[in-house]
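First up is the structure itself, then whatever we jot down about it.
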Amino acid sequence: NSDGSLQLTPGVTANVAGSIWSRSQVNVGAWTASFDYVADKGKSATDGDGFSLAFQNAGTTALGGNGNSLGYAGIAGPSAAAQFEIYPGAQSAGPASNSSGFGVTPSGSTAGMSKQNFFLPPSLLTSGTVLVNLSYSNSTNFLAETLTSGATSITQSFYGNLGAVFPGGKAYVGLTA
């Protein structure tokens with residue numbers, strides 16, 4: 001958008017998915033990511049279910065299913081994602097509602113995904129701007145996640161061995177919704 005923001009799906013259409021990927025594969029051994037997520041939940045009946053920071057080897061046009069698949073579930077081949085589920089009251093292909101989680105899968109299906117989910121205060125992911133800080137260590141295979149919105153901040157850790165999923169140490173990184 002002209003203001004420097006990224007919108008993965010149109011705000012007026014229900015049941016759509018979107019993604020944006022790095023132009024080339026990046027090292028997944030140790031990394032950090034920081035971005036603002038602007039939660040706009042409750043504005044319309046077409047609000048989204050959530051989003052993910054994902055890694056995959058299917059290419060720069062990879063896109064999973066819509067709705068609770070968060071644009072991630074269904075991407076072919078090995079993948080991993082830090083997922084943020086914000087749809088109230090629904091179980092999804094990713095973490096449960098108002099939760100975040102990290103999972104890796106060698107098959108592209110989240111059904112057997114090894115993941116951990118942590119429930120978040122609903123206000124953290126459903127209103128205002130949330131600062132998302134992620135840091136992955138290949139020596140411990142842990143992803144540290146800190147989410148901050150105003151005076152509310154929560155930090156948690158998730159286990160996931162990206163080296164086992166991406167033996168070459170590289171993958172496309174992107175955002176999906």
Side-chain angles (χ1 to χ4, degrees), residues 6-23 25-26 28 31 33 35 37-41 44-120 122 124-126 130 132 134 136 141-143 145 147 156-168 170-177:
L6 172 66
Q7 183 174 346
L8 293 172
T9 60
V12 297
T13 306
N15 299 313
V16 296
S19 65
I20 187 167
W21 300 101
S22 56
R23 293 179 190 207
Q25 292 181 324
V26 298
V28 297
W31 52 267
F35 56 91
Y37 165 67
V38 179
D40 214 9
K41 208 67 186 141
S44 76
T46 58
D47 288 339
D49 290 8
F51 68 98
S52 76
L53 174 76
F55 300 86
Q56 50 80 21
N57 279 336
T60 59
T61 60
L63 182 61
N66 62 12
N68 61 12
S69 293
L70 305 181
Y72 167 72
I75 292 175
S79 61
Q83 297 178 327
F84 302 86
E85 175 68 62
I86 62 172
Y87 190 78
Q91 295 295 316
S92 75
S97 64
N98 290 328
S99 67
S100 67
F102 179 62
V104 295
T105 177
S107 65
S109 167
T110 56
M113 179 183 265
S114 167
K115 66 179 180 249
Q116 302 84 40
N117 301 322
F118 290 90
F119 293 98
L120 304 171
L124 190 65
L125 287 178
T126 58
V130 178
V132 178
L134 303 168
Y136 179 78
N141 296 323
F142 273 94
L143 172 72
E145 169 189 272
L147 306 173
Q156 50 208 7
S157 295
F158 304 95
Y159 177 82
N161 188 345
L162 292 180
V165 175
F166 303 106
K170 293 191 176 283
Y172 295 98
V173 61
L175 294 167
T176 69

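Start at 1 with the first residue, then count along the sequence.
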Looking only at heavy atoms, the pair that brings G163 and N161 closest together is N-OD1, 3.0 Å
- Message: Keeping T176 on the side-chain end and L70 on the backbone end, is there a donor-acceptor pair under 3.5 Å?
- Response: yes
Looking only at heavy atoms, the pair that brings S19 and A62 closest together is OG-O, 2.8 Å
Correct closest heavy-atom pair for G64 and I75 would be N-CG1, 3.5 Å
Q. Aromatic rings Y136 and W31: how do their planes relate, parallel, tilted or perpendicular, breaks at 30° and 60°?
A. parallel
Closest non-hydrogen contact found for A17 with G71 is CB-CA, 3.9 Å
Between the CZ atom in F142 and the CZ atom in F158, the distance rounded to the nearest 0.5 Å is 11.0 Å
For L175 and L53 the tightest heavy-atom approach is CD2-CD1, 3.8 Å
Kindly say whether V173 contributes a backbone atom to a donor-acceptor pair with the side chain of S22 at under 3.5 angstrom? yes
Run the side-chain contact (heavy atoms from CB on, under 4.5 Å) test on Q56 and Y72 for me, step by step, so that the C-alpha distance in whole Å, both residues' side-chain angles and the decisive distance to 0.1 Å come before the verdict.
CA-CA 10 Å; Q56 50 80 21; Y72 167 72; 5.9 Å; no
In this structure, OG1 of T60 is separated from CZ of R23 (nearest 0.5 Å) by 9.5 Å
Interatomic distance, CH2@W21 vs CG@L63, rounded to 0.5 Å, equals 8.5 Å
Heavy-atom nearest pair, V28 first then F55, reads CG1-CD2, 3.7 Å
